[in-house]
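Working notes, structure below.
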Amino acid sequence: MLDLDTAWSADEGIARATELFTATYGHAPDGVWASPGRVNVIGEHIDYNGGYCLPIALPHRTYVAARRRDDRQVRMVTDFQADQPWKGSLDDLAPGGLDGWAAYAGGPVWALRQDGVEVPGLDLAIASCVPVGAGLSSSAAIECAVGLAAAELADRPLGENPEDRAQLAALCVRAENEVAGAPTGGLDQAASLRTQDGHALLLDCAANAVEHIPFDMSAHGLCLLVADSRASHALGDGQYGARRAHCEQAAELLGVKSLRETADATDPSQLDEVLATLPEDVLRRRVRHVLTETWRVQDFVAALREERFEEAGELLSASHASLRDDYEVSVKETDVLVDAALAAGALGSRITGGGFGGSVIALVRADQADQIGQAMAAAAQQHGTPEPQLHLATAAAPGQRMA
Ligand code: GLA
């Protein structure tokens with residue numbers, strides 16, 4: 001039997017963050033906050049085009065034990081780079097001043113202060129079971145957990161209602177764009193803060209509106225497997241930004257604010273006519289992905305609601321083909337896993353997240369999960385790619401105070 005239950009329990013996460021805090025600073029924290037990583041079920045590279053995405057929050061969370069200080073100092077430590085603690089003043093938490101994990105942890109403090117929240121000096125200890133570099137939003141989990149902690153310790157809690165959560169998610173996006181320097185959209189932070197337990201989040205990125213779609217695969221004898229391909233995933237090398245730039249260029253040529261407008265205004269039967277107005281093949285392929293993926297999210301949600309899971313699976317596989325062939329964000333390691341899952345009987349499978357490595361998901365019948373997981377591992381071995389790390393994805397709760 002494969003061990004797919006890889007997330008820490010809440011008690012374990014709280015204990016790990018608290019122990020790290022106490023061992024580092026010699027006193028107890030004021031509280032512990034946590035926020036999850038995510039799997040995007042469908043709607044990839046759509047957020048920055050104003051379309052729809054459908055993520056779930058994972059049971060894998062980043063835990064932050066935090067305590068308010070009376071001065072303007074900030075100290076931060078993590079369990080994943082324990083030899084690199086960070087120490088400085090509140091004013092050092094700003095664009096250009098932070099690298100690596102410290103940019104994700106310090107960025108939200110900067111963004112909150114920019115928004116007028118008077119964040120005090122802080123001691124933070126961060127412990128995480130969100131796989132890093134796996135396309136499961138370990139960075140957004142850090143941002144959102146620190147954001148929740150810092151806001152509450154500034155006496156301006158932002159986790160208590162949907163409007164505050166939307167505001168905090170937007171501040172964390174700003175932090176990621178301006179402090180960490182990653183030109184990402186809002187999918188990951190919305191998934192970490194705006195989801196509901198047991199539900200997928202239908203995020204309309206143009207209206208910044210959300211709808212909660214029941215997502216309990218086990219009630220239907222199904223499960224969603226995640227396989228981390230362990231192929232290095234980094235969005236900072238320019239490929240992500242290049243995809244985004246192509247979309248912006250195409251939107252300008254089409255005379256729209258975002259490609260979502262084109263998706264809404266186009267009947268799928270007219271797709272080729274719209275594409276024919278674009279001057280380059282690469283733009284035509286990028287736009288074809290964005291339009292068809294936007295339509296697929298809507299079809300997928302309808303299929304879920306009507307419990308047509310075979311069709312939902314086919315839409316996942318069509319999304320993968322589009323990301324592989326038109327958007328060109330898949331790599332050999334992820335293609336091998338998707339092909340193996342499908343050959344072994346998955347209803348559907350696709351790369352998830354930003355791409356260029358990272359994880360794939362597979363929608364499978366629960367009684368075939370073991371066999372399909374093993375088929376993915378065997379295919380990786382046969383192709384000389386890394387052994388995948390498998391997880392079970394269930395729709396878990398959003399970020400919140402834990403202790
Ligand atoms: C990364 C980004 C998100 C989104 C996805 C692709 O996860 O952080 O904003 O664009 O890629 O869907």
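Counting starts at 1 for both ligands and their atoms, in listed order. Keep in mind that this is a model prediction, so the values were computed, not measured.
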One finds that the ligand 1 atoms under 4.0 Å from a non-hydrogen atom of Tyr48 are 10 (O)
ask   = Is the closest N or O pair between Gly43 and ligand 1 shorter than 3.5 Å?
value = no
Glu44 heavy atoms within 4.0 Å reach ligand 1 at atoms 6 (C), 12 (O)
request  = Take Arg67 and Asp123 through the test salt bridge (Lys or Arg N to Asp or Glu O under 4.0 Å) and record every step on the way to the result.
outcome  = CA-CA 5 Å; Arg67 177 162 163 153; Asp123 284 338; 5.9 Å; no
| Going by atom types only, do Ser322 and Arg296 share a side-chain donor-acceptor pair under 3.5 Å? | yes
Under 4.0 Å from one or more heavy atoms of His45, ligand 1 contributes atoms 6 (C), 12 (O)
Using only heavy-atom distances, determine whether the side chains of Asp11 and Ser9 contain a donor-acceptor pair under 3.5 Å.
no
For Thr184, the ligand 1 atoms with a heavy-atom partner under 4.0 Å come out as 2 (C), 8 (O), 9 (O)
Taking only non-hydrogen atoms of Leu187 and a 4.0 Å limit, the atoms of ligand 1 in range are 4 (C), 5 (C), 12 (O)
ask   = Could Arg285 and Asp325 be called an ion pair, given the rule that one side-chain N must be under 4.0 Å from one carboxylate O?
value = no
Out of Asp47, Leu136, Val173, the nearest non-hydrogen contact to atom 4 (C) of ligand 1 is supplied by Asp47
I'd like to know if the side chain of His199 and the backbone of Asp197 have a donor-acceptor N/O pair within less than 3.5 Å.
yes
Hey, is Arg38 one of the residues with a heavy atom under 4.0 angstrom from ligand 1? yes
Ligand 1 atoms nearer than 4.0 angstrom to some heavy atom of Tyr240 are 1 (C), 2 (C), 3 (C), 4 (C), 9 (O), 10 (O), 11 (O)
(message) Run the salt bridge (Lys or Arg N to Asp or Glu O under 4.0 Å) test on Asp367 and Arg365 for me, step by step, so that the C-alpha distance in whole Å, both residues' side-chain angles and the decisive distance to 0.1 Å come before the verdict.
(response) CA-CA 6 Å; Asp367 59 2; Arg365 291 184 186 84; over 6 Å; no
For Gly185, the atoms of ligand 1 under 4.0 Å from one of its heavy atoms are 9 (O)
Aromatic ring proximity, centroids under 6.0 angstrom, His289 and His45: no
